[in-house]
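Read through the structure below, which is laid out as C-alpha cells, and then see the notes.
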Amino acid sequence: MPARVGILAIQGDVEAHATALAAAGAEAVQVLREKDLDGLAGLILPGGESTTISKGMDRLGLWEPVREFAASGRPVLGTCAGAILLARETVHHPVPTLGLLDAVAVRNAYGTQVDSFAAPVDPGARHDLEGLRCVFIRAPQLEQLGPGVEVYARVDGRPVLVRQANLWAATFHPELTADPRIHQLLLPPPGQLT
Ligand code: GLN
C-alpha cells in the first residue's frame, strides 16, 4: 500500500504537491480538519501565502493538531510559505507560526528585483541532492539556525533545505520541478512497512 501523505489544503500549491507525491509513489490526502491527519505517514505545508494559511489555521483550529502531528515524530515538510509557518519567528510582516523549527524566517527576503528565479543547489549538497534545481517564488531565507538544524542544501551559500529531526524546511518549490527527491524524503525507505 502506498504511504499516505497529507497536504495542508488551506491555500497554495496543493494540487502540484499532490501530483509530485503521486510521482514519488505516495497517496496524497488533503488536510483541512484534525481528523484528516489520522493515519498519515507525513505532512506537507505547501507554499502559498503564509498570512492566508496562518489565518486558515486559526479558523480551522489546526495549530495544535499540526504541532501534535510533528511531535509524533512523523516527517513534516514545509515549503516556502510552509517553511515560514514552521519557523520559531518571522521577520518582515511577521505571521503567527508553529514555532517548531529553530530558525528565523525572513519573508520575501530576495526582494522585488528577484521575485522569482530558478537555480541549482551549490555543489556539496547532502544526501544525493547534487544537481537539484530550485524554483524560488517570493521566497524566504532562513537565518539564525539553531544547533539542531542541519543544512542539506544551499544556493549562493544560503540554506535552502534544512532538517531538524523529523522537520524539513525548503525555501523553494520542489513541487514545481519533475525531480521527486524532496518528496521522497517524506517516504519510508523501500521495503519498510507503512
Ligand atoms: N512570500 C510568501 C510569504 O511570505 C511565500 C511565497 C511562497 O510560498 N511562494 O508567505
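Indexing begins at 1, ligand by ligand and atom by atom, following the structure's order. FYI, side chains are in, hydrogens and waters are out, and symmetry mates aren't considered; it's all heavy atoms of this structure.
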If you scan protein heavy atoms around atom 5 (C) of ligand 1, the nearest is Gly48 O, 3.4 Å
Exercise for the section: Answer yes or no: is there an ion pair linking Asp102 with Arg88, defined by an N-O contact shorter than 4.0 Å? Expected result: yes
A student checking ligand 1 against Ile84 at a 4.0 Å heavy-atom cut-off should list atoms 3 (C), 4 (O), 10 (O)
- Message: Are Phe69 and Leu40 packed together at the side-chain level, in the sense that at least one heavy-atom pair is separated by less than 4.5 angstrom?
- Response: yes
Counting from 1 in the order shown, the ligand 1 atoms closer than 4.0 Å to a non-hydrogen atom of Gly47 are 8 (O)
So the atoms of ligand 1 within less than 4.0 Å of a heavy atom of Ser50 turn out to be 3 (C), 4 (O), 10 (O)
among protein heavy atoms, the one nearest atom 1 (N) of ligand 1 is Asn108 OD1, 2.6 Å
Charged N to carboxylate O below 4.0 Å: is that the case for Arg181 and Asp179?
yes
Contacts of His183 meeting ring-ring contact (aromatic ring centres under 6.0 Å, His included) (sequence neighbours excluded), chain-then-number -> His17
Is the shortest distance from a heavy atom of His173 to ligand 1 less than 4.0 Å?
-> yes
protein heavy-atom neighbour closest to atom 7 (C) of ligand 1 works out as Cys80 SG, 2.8 Å
**Asked** Polar-atom distance check: Ala81 versus ligand 1, any N or O pair below 3.5 Å?
**Response** yes
Fill in: Heavy-atom side-chain contact between Thr171 and Cys80 under 4.5 Å
no
Discussion item. Could you tell me if the side chain of Val95 sits less than 4.5 Å from the side chain of Arg107, heavy atoms only?
Written reply: yes
The protein heavy atom nearest to atom 4 (O) of ligand 1 is Arg107 NE, 2.7 Å
>> Are the side chains of Leu43 and Leu77 in contact, using a 4.5 Å heavy-atom criterion?
In response: no
